[in-house]
Amino acid sequence: MVEIRTVALAHVKDRRMLQARSVGKSAFYMAGGKIDPGETPEQALHREIREELDVGIVDGTLETLGVFEAEAFGHPPGTRLHMTCYVATLTAEPVATSEIAELRYFTVDEYASMPESAPGSRLVFEHLQQLGVVD
């Protein structure tokens with residue numbers, strides 16, 4: 001079994017969670033990505049958020065939301081996602097960079113109704129809904 005180790009940011013605004021659609025892809029994912037060799041998860045998240053959302057993370061606000069494991073969407077069957085998810089305050093409003101085609105905020109039901117959705121994102125949506133953070 002192959003495991004992909006990633007980090008993601010659960011950024012919530014107006015009870016909706018931010019999702020990003022990469023250029024050339026149809027599904028929306030959480031902002032974040034793979035942890036590079038030699039990086040800590042926190043370093044990877046800082047890098048990915050700058051690369052994808054063109055913002056930084058306010059010092060001292062990064063908190064672990066949890067680790068979520070699911071089938072890795074868009075990868076061969078049997079590929080597992082190991083995603084460490086964080087919450088944090090951002091230095092500005094996120095904007096799509098050149099590798100991101102679209103940013104959109106979703107409720108749980110709006111995301112679930114998309115033609116394609118990532119299992120890892122769905123787990124985080126469900127967790128945040130149980131915490132009373134998203135609709």
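No experiment lies behind these values; they were computed from the predicted model shown.
No continuous path of ILVMFWY side-chain contacts below 4.5 Å connects Phe28 to Tyr105, so the two sit in separate hydrophobic clusters. There is a path of hydrophobic side-chain contacts, each under 4.5 Å, that joins Val108 to Met114. Cluster membership check: Phe68 shares its hydrophobic cluster with Phe106, using side-chain heavy-atom separations under 4.5 Å among Ile, Leu, Val, Met, Phe, Trp and Tyr. Residues Met83 and Leu9 do not share a hydrophobic cluster, defined by chaining ILVMFWY side chains whose heavy atoms lie under 4.5 Å apart. No continuous path of hydrophobic side-chain contacts links Val12 to Tyr29 [ILVMFWY only; heavy atoms under 4.5 Å].
Note that CD of Glu52 is 9.0 Å distant from CZ of Arg47, once rounded to the nearest 0.5 Å. For the atom pair Glu48 CD and Ile35 CD1, the distance stands at 9.5 Å (nearest 0.5 Å). Atoms CD1 and CG, on Ile49 and Asp54 in that order, are 11.5 Å from each other to the nearest 0.5 Å. Interatomic distance, Lys13 NZ to Leu18 CG, rounded to the nearest 0.5 Å: 9.5 Å. Once rounded to the nearest 0.5 Å, the distance linking CD1 of Ile57 with CG of Leu90 reads 6.5 Å.
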What do the steps show when you test Arg5 against Lys34 for side-chain contact (heavy atoms from CB on, under 4.5 Å), and what is the final call? CA-CA 6 Å; Arg5 299 182 67 78; Lys34 292 178 185 168; over 6 Å; no

Would Tyr111 and Met17 count as a side-chain contact (heavy atoms from CB on, under 4.5 Å) here? Give the steps. CA-CA 9 Å; Tyr111 190 71; Met17 186 167 63; over 6 Å; no

Walk me through it: do Leu62 and His46 pass the test side-chain contact (heavy atoms from CB on, under 4.5 Å)? CA-CA 10 Å; Leu62 188 63; His46 280 274; 4.2 Å; yes

Anything under 3.5 Å between a donor and an acceptor, one on a side chain of residues 128-135, the other on a protein residue two or more places apart or in another chain? List them.
unit_1	atom_1	unit_2	atom_2	d
Asp135	OD1	Arg15	NE	2.7
Asp135	OD1	Arg15	NH2	3.0
Asp135	OD2	Arg15	NE	3.3

Enumerate donor-acceptor pairs with a distance under 3.5 Å from any side-chain N or O in residues 120-127 to protein atoms, sequence neighbours excluded.
unit_1	atom_1	unit_2	atom_2	d
Ser121	OG	Gln19	OE1	3.0
Ser121	OG	Met30	N	3.4
Arg122	NH1	Ser117	O	3.0
Arg122	NH1	Ser117	OG	2.8

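Glu110 and Arg16 are joined by a salt bridge, as a carboxylate oxygen and a charged side-chain nitrogen come within less than 4.0 angstrom of each other.
Heavy-atom minimum distance, Ala72 versus Ile4: CB-CD1, 4.2 Å. When all heavy atoms of Pro41 and Tyr86 are compared, the pair lying nearest together is CB-OH, 3.3 Å. A pairwise comparison of heavy atoms in Val67 and His82 identifies CG1-NE2, 3.4 Å as the closest pair. In this structure, Ala44 and Glu39 approach most closely via the heavy-atom pair CB-OE1, 3.3 Å. Between Ala96 and Leu103, the shortest heavy-atom contact is N-CD1, 3.4 Å. Of all heavy-atom pairs between Lys25 and Arg21, the closest is O-NH1, 3.0 Å.
The number of heavy-atom neighbours closer than 6.0 Å to CG of Asp14, taken from other residues, nucleotides and ligands shown, is 12 or below. In this structure, Glu63 places its CD atom where only 12 or fewer heavy-atom neighbours from other residues, nucleotides or ligands lie under 6.0 Å away.
A 4.5 Å side-chain heavy-atom check between Thr64 and Cys85 finds every atom pair outside the cut-off.
Checked by atom type and distance alone, the side chain of Glu71 never pairs as donor or acceptor with a backbone atom of Arg80 at under 3.5 Å.
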